[in-house]
Amino acid sequence: YKNPYYAPGHSTMVHLFEWKWDDIADECERFLGPRGFGGIQISPPNENVIIWQYNRPWWERYQPISYKLVTRSGDEQQFASMVRRCNDAGVRIYVDAVINHMTGEPRDNIGTGGSTADFRQWSYPAVPYTAQDFNWPHCVIDGWDYGCCPDKVRNCELVGLKDLNQRSEYVRFMIVGFMNKLIDLGVAGFRIDAAKHMWPEDLQVIYDRLHNLNTDHGFPSGARPYIYQEVIDFGNEAISRDEYTGLAAVTEFKFGLELSRAFAGGNQLRWLNTWGPIWGLLAHEDALTFIDNHDNQRGHGGGGVILTYKQAKQYKGATAFMLAHPYGEPQIMSSFDFTDSEAGPPMDSNGNIISPAINSDNTCGNGWVCEHRWRQIYSMVAFRNVAAGTNVNDWWDNGSNQIAFCRGGQAFIAFNNDNWDLNQNLQTCLPAGAYCDVISGSKSGNSCTGKSVTVGNDGRAQIYVGSHEVDMMLAIHRGDESRL
Ligand SMILES: O=C(NCCCOc1c(-c2ccc(O)c(O)c2)oc2cc(O)cc(O)c2c1=O)[C@@H]1CCCN1C(=O)/C=C/c1ccc(O)c(O)c1
Ligand SMILES: [Ca+2]
């Protein structure tokens, strides 16, 4: 359950948060496939309750009312078409699976597919679930429970959301049926939302009943779904993420916290020469890594200050480091612009999501940030693909915030987060020749729109990154995007 089964030559997952299925399919064909992205995390595809009371908040999609594949992102036909088109473009689909709970007790009683429920009777006829399928006696998780009482964190309601009993064979049957339908439609795996709130042994049973990936979508026979479990654990709770790493991969929240601290100036970059498990991070094969996610970019996820698209220069620096370094399985957040932390995606007066506009310079409009379309970010996906299979070598630093390293003999990157210029003759580990810096520009024909770097026969080059430049890094590699 720890292998994403990306297509050859592809890497990196992007979370297209709240995107519609037709738009995702287009994005696979016109951008993500050609740029070597490995996969996409999509928003929950099953029917959720409509919450007009808070003007369609982003978190309404985390209140299931049924397992029908009808949401504001599209219906089952559009879902199937997206998976087919993305797999054909070499881009995998991972589903955000909300299986711990159903809804709370919202004011309105109608779902995105027209289903209703009787919340106070724990009755969801569109599944169907009835009261016997939920955990009893009724209780709600209290703040103290996280520190003392694993049983309550699993068996009581998270913020009043009706808590399913995954020990029930019927509930297991319904959840497994829902997930196997998605696997048969060609998805490559799942994010398990709120995994901390479910018993590992119940999750193990559910995972082991999942089908192998669908070979008609290019997966090898016998391939198991890639599963990464959302366990928010900063080490101060009774439940540890180590209870879940035996099952499948786990979201590594410390990763984004530590890199945000380093690139926001709270920790010197030179300390990153030991980046990896000795920082208290999960083992490489267990870690789904990211700078920010849909929850903590809004300040909900606890743990401290997280960099987002709003701190563009530092965010691009931290993201470049995430993608340049071999540790973990990285995910890029692709956001819609927000100021209100509850606000949902851009929508028209009827509540329909507005599609991202693609501008002439390939950036997004209509309120979508599309971090994955920022040159400094998509260029580092190509860097990661060229560097696949190599380690970090020839580390250099200036004793504070100027660092540089190679990936085998394939790629080289330098960062400058000091407030004076980096101007050094450094070992790039690359063959002699001319290279375009893929951060300050790109290669067009046989010239560079940004900086160019000349590497000598000894692999060394003069590397310059001014402290007042738009970006704090310079990256070159042996792939076609950089090598002249
Ligand atoms: O103030 C709120 N929630 C209380 C604090 C955050 O607690 C939640 C956590 C949570 C937070 C921290 C933890 O350590 C933890 O074990 C759980 O996980 C969720 C997962 C869901 O599927 C749906 C939810 O409503 C929540 C949730 O409310 C607002 C209003 C309701 C939704 N919400 C939210 O803030 C929604 C947050 C949310 C939604 C989906 C997620 O996948 C997620 O990680 C957080
Ligand atoms: Ca639970």
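For the single chain, residues carry numbers from 1 onward in sequence order. Whatever order the structure lists ligands and atoms in, that order sets their numbers, starting from 1.
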**Student:** Can you tell me which portion of N293 lies within the under-4.0 Å heavy-atom range of ligand 1? Options are side chain, backbone, both, or neither.
**Tutor:**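 Under 4.0 Å from ligand 1, N293 contributes no heavy atoms.
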**Student:** Restricting to N, O or S atoms of H197, which is nearest to the Ca ion (ligand 2)?
**Tutor:**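 Within H197, restricted to N, O or S, the Ca ion (ligand 2) is closest to atom O.
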**Student:** So, 4.0 Å and heavy atoms of L161: is ligand 1 close enough to count as a contact?
**Tutor:**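 The answer is yes: ligand 1 sits under 4.0 Å from a heavy atom of L161.
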**Student:** Only heavy atoms of I232, strictly under 4.0 Å: list the atoms of ligand 1 that pass.
**Tutor:**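 The atoms of ligand 1 under 4.0 Å from a heavy atom of I232 are 12 (C), 13 (C), 14 (O).
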**Student:** Of all the atoms in ligand 1, which lie at a distance below 4.0 Å from a heavy atom belonging to E230?
**Tutor:**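 Under 4.0 Å from E230, ligand 1 has these atoms: 42 (O), 43 (C), 44 (O).
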**Student:** Heavy atom of H101 under 4.0 Å from ligand 1?
**Tutor:**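 Yes, that is the case, since the closest heavy atom of the residue is under 4.0 Å from the ligand.
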**Student:** Below 4.0 Å, non-hydrogen atoms only: which portion of E60 touches ligand 1? Side chain, backbone, both or neither.
**Tutor:**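 Near ligand 1, E60 shows nothing, with every heavy atom at 4.0 Å or more.
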**Student:** Within less than 3.0 Å of the Ca ion (ligand 2), any N, O or S from D163?
**Tutor:**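 An N, O or S atom of D163 is closer than 3.0 Å to the Ca ion (ligand 2), so yes.
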**Student:** Test ring pair (Phe, Tyr, Trp, His ring centres under 6.0 Å) on F255 and W275; report intermediate values, then the result.
**Tutor:** CA-CA 10 Å; F255 181 97; W275 187 243; 5.2 Å; yes
**Student:** Could you tell me whether W52 atom CH2 has more than 12 heavy atoms of other residues or ligands within 6.0 Å of it?
**Tutor:**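 Buried by this count: over 12 neighbours within 6.0 Å.
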**Student:** Quick check on contacts: which atoms of ligand 1 are under 4.0 angstrom from a heavy atom of Y62?
**Tutor:**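 Answer, ordered by atom number: 21 (C), 22 (O), 23 (C), 40 (C), 42 (O).
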**Student:** Does a sphere of radius 6.0 Å around CZ in R120 hold more than 12 heavy atoms from other residues, nucleotides or ligands, not counting ones at 6.0 Å or beyond?
**Tutor:**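 Incorrect, the count does not exceed 12.
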**Student:** Looking at every heavy atom in both Y62 and L161, which two are closest together, and how far apart are they?
**Tutor:**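 Heavy atoms of Y62 and L161 come nearest at O-CD1, 4.4 Å.
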**Student:** Below 4.0 angstrom from a heavy atom of H294, which ligand 1 atoms are there? Numbered from 1 as shown, please.
**Tutor:**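 Counting atoms of ligand 1 from 1, those under 4.0 Å from H294 are 40 (C), 41 (C), 42 (O).
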**Student:** Just to verify, which of W58, F338, W59 counts as forming a ring pair (Phe, Tyr, Trp, His ring centres under 6.0 Å) with H294?
**Tutor:**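 Only match with H294 under ring pair (Phe, Tyr, Trp, His ring centres under 6.0 Å): W58.
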**Student:** Counting both backbone and side chain atoms, is some N or O of R191 under 3.5 Å from an N or O of ligand 1?
**Tutor:**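 Yes; the residue has a nitrogen or oxygen that sits under 3.5 Å from a nitrogen or oxygen of the ligand.
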**Student:** For residues H325 and F321, establish whether the separation of their ring centroids is below 6.0 Å.
**Tutor:**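 Under 6.0 Å, so yes.
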**Student:** For E27 and H372, does a side-chain donor sit closer than 3.5 Å to a side-chain acceptor?
**Tutor:**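 A pair is found: one side chain offers a donor N or O, the other an acceptor, under 3.5 Å apart.
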**Student:** Can you tell me if, anywhere in M198, an N/O/S atom lies at a distance from the Ca ion (ligand 2) that is smaller than 3.0 Å?
**Tutor:**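 So M198 does not count as coordinating the Ca ion (ligand 2).
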**Student:** Using a strict 4.0 Å cut-off to heavy atoms of W58, name the atoms of ligand 1 that fall inside it.
**Tutor:**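 Taking each heavy atom of W58 in turn, ligand 1 has 36 (C), 37 (C), 38 (C), 39 (C) under 4.0 Å.
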**Student:** Any N/O/S atom of R154 sitting less than 3.0 Å from the Ca ion (ligand 2), backbone or side chain?
**Tutor:**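 Yes - counting backbone and side chain alike, R154 has an N, O or S atom under 3.0 Å.
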**Student:** For the residue pair N48 / R72, report whether a side-chain donor-acceptor contact shorter than 3.5 Å exists.
**Tutor:**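 There is no such pair between these side chains.
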**Student:** Should E342 be counted as touching ligand 1, given the test is an N or O pair under 3.5 Å?
**Tutor:**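 In this structure, E342 places no N or O atom under 3.5 Å from an N or O of ligand 1.
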**Student:** With Y124 as reference, evaluate Y129, Y67, F134 under the ring pair (Phe, Tyr, Trp, His ring centres under 6.0 Å) test and give the passing residue.
**Tutor:**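 Option passing the ring pair (Phe, Tyr, Trp, His ring centres under 6.0 Å) with Y124: F134.
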**Student:** I want to confirm something. Looking only at heavy atoms, which of I192, N296, V153, V159 is nearest to atom 28 (O) of ligand 1?
**Tutor:**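 Comparing heavy atoms across I192, N296, V153, V159, the nearest one to atom 28 (O) of ligand 1 lies in V159.
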**Student:** Which atoms of ligand 1 are found less than 4.0 Å from any heavy atom of H197?
**Tutor:**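 The atoms of ligand 1 under 4.0 Å from a heavy atom of H197 are 15 (C), 16 (O), 17 (C).
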**Student:** Under 3.5 Å, is there a donor-acceptor pair linking the side chains of N214 and D184?
**Tutor:**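 Side-chain D/A pair, N214 to D184: absent.
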**Student:** For the backbone of V70 and the side chain of T112, can you confirm whether one donor and one acceptor N or O come within less than 3.5 Å of each other?
**Tutor:**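 Checking the backbone N and O of V70 against the side chain of T112, a donor-acceptor pair under 3.5 Å is found.
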**Student:** From the options T251, D193, D295, select the one whose nearest heavy atom is closest to atom 41 (C) of ligand 1.
**Tutor:**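 Among T251, D193, D295, the closest heavy atom to atom 41 (C) of ligand 1 belongs to D193.
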